[in-house]
Amino acid sequence: MSDSVLPEDPARRAAVLTTCAAGAVGGAAVVWPFLKSMRPSERALAAGAPVEVDISEIQPGEMKRVEWRGKPVWVLRRTPEMLQAVKKDDSKVVDPDSNRTAFPTPPYAKNEYRSIKPEYLVVVGICTHLGCSPSDKFQPGPQPSLPDDWTGGFLCPCHGSLFDLAGRVFSNMPAPDNLEVPPHMYLSDTRILVGLDQQA
């Protein structure tokens with residue numbers, strides 16, 4: 001307020017200023033709970049936070065499951081035989097180079113193995129058809145619900161979609177796309193951070 005608007009009487013001027021200050025404090029007290037309620041809860045913030053994964057104890061051929069943003073994330077440590085199986089499946093999968101954009105693949109995983117390091121596959125364990133969770137079927141060879149020339153991978157039990165050991169969907173399956181590769185990065189040789197990468 002300018003001096004011309006305030007009363008000339010010092011006592012009245014002090015009363016007007018005190019009333020304005022009290023009104024501002026009262027207004028802030030009313031608005032603060034409303035603004036605070038718009039913030040995400042601690043649980044929601046944690047659900048979207050990156051997840052650190054210790055991969056030091058995963059043996060070759062084993063898979064570790066973690067949760068990120070309410071989704072299952074799989075970290076598979078592939079054996080040399082599994083990596084050879086991925087090569088054999090190149091001609092059988094729909095999108096061998098992960099070029100489709102429905103589930104964009106990070107640039108660092110746009111390769112045959114869909115990974116930063118060939119040994120480790122990091123994918124979201126949700127079928128791209130209707131959101132079921134596939135089962136791991138790493139053992140190669142004929143098995144129920146699998147082709148006779150099965151080289152290992154994942155089977156979605158809901159509608160029979162098959163994915164190879166790089167999470168790539170086989171041709172003529174209900175699932176339209178490869179399993180999603182989440183953003184991730186290596187913090188060290190034994191730790192991966194899922195949900196954040198160096199490009200984020």
Side-chain angles (χ1 to χ4, degrees), residues 50-51 53 55-56 58-66 68 71-129 132-143 145-156 159-200:
V51 176
V53 185
I55 60 173
S56 63
I58 307 175
Q59 297 302 310
E62 291 183 351
M63 186 170 74
K64 185 169 189 173
R65 294 167 173 84
V66 296
W68 169 67
K71 301 176 186 177
V73 173
W74 300 337
V75 182
L76 170 63
R77 184 175 179 187
R78 293 177 285 206
T79 63
E81 294 77 19
M82 288 175 153
L83 294 174
Q84 283 301 315
V86 170
K87 287 186 172 294
K88 291 178 186 174
D89 291 335
D90 282 349
S91 62
K92 302 175 190 175
V93 297
V94 174
D95 184 16
D97 300 318
S98 300
N99 290 322
R100 295 175 73 163
T101 57
F103 293 93
T105 300
Y108 47 81
K110 277 184 151 296
N111 54 61
E112 187 175 38
Y113 300 117
R114 302 185 77 226
S115 60
I116 298 171
K117 296 181 180 181
E119 188 177 2
Y120 291 99
L121 173 69
V122 181
V123 291
V124 174
I126 297 176
C127 180
T128 56
H129 180 219
C132 304
S133 187
S135 304
D136 53 275
K137 299 289 182 181
F138 299 152
Q139 180 66 39
Q143 297 163 61
S145 303
L146 296 172
D148 289 344
D149 61 349
W150 180 245
T151 55
F154 305 94
L155 163 68
C156 185
H159 298 94
S161 292
L162 298 174
F163 301 87
D164 76 347
L165 289 163
R168 302 176 300 178
V169 67
F170 283 87
S171 300
N172 303 314
M173 293 290 147
D177 286 291
N178 297 336
L179 296 178
E180 178 186 358
V181 175
H184 64 283
M185 60 188 285
Y186 283 82
L187 300 175
S188 69
D189 288 339
T190 60
R191 302 196 81 76
I192 294 175
L193 187 66
V194 176
L196 190 66
D197 57 31
Q198 293 171 338
Q199 298 179 1

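Side-chain atoms are counted along with the backbone in the values below, which use heavy atoms only and exclude waters and symmetry mates.
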J.: Rounded to the nearest 0.5 Å, what's the gap from CG on L155 to CD on Q143? Could you check?
T.: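 That separation rounds to 9.5 Å.
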
J.: For a salt bridge (Lys or Arg N to Asp or Glu O under 4.0 Å) check, start with the C-alpha distance between D177 and R100, then their side-chain angles and the critical distance, and finish with the verdict.
T.: CA-CA 7 Å; D177 286 291; R100 295 175 73 163; 3.2 Å; yes

J.: Working to the nearest 0.5 Å, report the span between OH of Y113 and CG of L121.
T.: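 That separation rounds to 12.5 Å.
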
J.: Which pair of non-hydrogen atoms, one from G61 and one from F138, has the smallest distance, and what is that distance?
T.: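 For G61 versus F138, the nearest heavy atoms are O-CD1, 3.8 Å.
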
J.: What's the spacing between K137 NZ and W150 CH2 if we round to 0.5 Å?
T.: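 Between atom NZ of K137 and atom CH2 of W150 there are 9.5 Å.
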
J.: Measuring from atom CG of L76 to atom OG of S115, what distance do you get when rounded to the nearest 0.5 angstrom?
T.: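 Result: 10.0 Å between the selected atoms.
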
J.: Write down the atom of L83, the atom of P118, and the distance for their closest heavy-atom approach.
T.: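 The pair with the smallest heavy-atom distance is CD2-O, 3.3 Å.
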
J.: Backbone N or O of N99 within a donor-acceptor pair of the D97 side chain at under 3.5 Å?
T.: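 Not a single qualifying donor-acceptor pair exists.
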
J.: To the nearest 0.5 Å, what is the distance between CD (Q59) and CZ (R77)?
T.: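 One finds 6.5 Å between CD of Q59 and CZ of R77.
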
J.: Shortest non-hydrogen contact from P183 to D197?
T.: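 Looks like CB-OD2, 3.5 Å.
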
J.: Relative to each other, are the rings of Y108 and H184 parallel, tilted or perpendicular (30° and 60° limits)?
T.: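 Perpendicular, since the angle between the ring planes exceeds 60°.
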
J.: Any non-hydrogen side-chain atom of T105 less than 4.5 Å from a side-chain atom of N178?
T.: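 SC-SC contact between T105 and N178 ruled out.
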
J.: Using every non-hydrogen atom in the two residues, find where V181 and P106 come nearest and quote the distance to one decimal.
T.: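 Here V181 and P106 meet closest at O-CD, 3.5 Å.
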
J.: Apply salt bridge (Lys or Arg N to Asp or Glu O under 4.0 Å) to R78 and list each qualifying residue two or more places apart in sequence or on a separate chain.
T.: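 By the salt bridge (Lys or Arg N to Asp or Glu O under 4.0 Å) rule, R78 matches no residue at all.
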
J.: Pick out which of D89, D90, D95 makes a salt bridge (charged side-chain N to carboxylate O under 4.0 Å, His left out) with R168.
T.: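 It is D90, the one option of D89, D90, D95 that forms the salt bridge (charged side-chain N to carboxylate O under 4.0 Å, His left out) with R168.
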
J.: Identify the residue among C127, S161, C156 that makes a side chain to side chain contact (heavy atoms under 4.5 Å, CB included) with P174.
T.: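 Result: among C127, S161, C156, S161 is the only option passing the side chain to side chain contact (heavy atoms under 4.5 Å, CB included) with P174.
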
J.: Is there a side-chain contact between P182 and V122 in this structure, where contact means two heavy atoms from C-beta onward sitting under 4.5 Å apart?
T.: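 They are in contact (side-chain heavy atoms under 4.5 Å apart), so the answer is yes.
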
J.: Could you tell me whether the side chain of T79 and the main chain of M82 form a donor-acceptor pair under 3.5 Å?
T.: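 At least one qualifying donor-acceptor pair exists.
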
J.: Do the non-hydrogen side-chain atoms of K117 and D189 ever get within less than 4.5 Å of each other?
T.: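 Side chain of K117 against side chain of D189, heavy atoms only: contact under 4.5 Å found.
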
J.: Quick one, V194 with V53, criterion side chain to side chain contact (heavy atoms under 4.5 Å, CB included). Give me CA distance, side-chain angles, the key distance, then yes/no.
T.: CA-CA 7 Å; V194 176; V53 185; 3.9 Å; yes

J.: Between the side chain of S133 and the main-chain N/O of G125, is any donor-acceptor distance below 3.5 Å?
T.: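 Pair found, side chain donor or acceptor close to backbone of G125.
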
J.: If you measure from OG on S98 to CD on E180, what distance do you get to the nearest 0.5 Å?
T.: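 So the gap between those two atoms works out to 12.0 Å.
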
J.: Would you please name every residue forming a salt bridge (Lys or Arg N to Asp or Glu O under 4.0 Å) with K88, sequence neighbours left out?
T.: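 If we apply the salt bridge (Lys or Arg N to Asp or Glu O under 4.0 Å) test to K88, skipping adjacent residues, there are no hits.
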
J.: Only one of I55, V66, V73, I116 forms a side chain to side chain contact (heavy atoms under 4.5 Å, CB included) with I192, so which one is it?
T.: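 Only one of I55, V66, V73, I116 forms a side chain to side chain contact (heavy atoms under 4.5 Å, CB included) with I192, namely I55.
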
J.: Apply salt bridge (Lys or Arg N to Asp or Glu O under 4.0 Å) to R114 and D164, showing your working.
T.: CA-CA 11 Å; R114 302 185 77 226; D164 76 347; over 6 Å; no

J.: Which heavy atom in V94 sits nearest to a heavy atom in S171, and how many Å separate them?
T.: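 Shortest heavy-atom contact: CG2-CA, 3.5 Å.
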
J.: For L179, is there any backbone N or O sitting under 3.5 Å from a side-chain donor or acceptor partner on T128?
T.: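 Not at all, since once roles are kept as given, no pair shorter than 3.5 Å links the two residues.
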
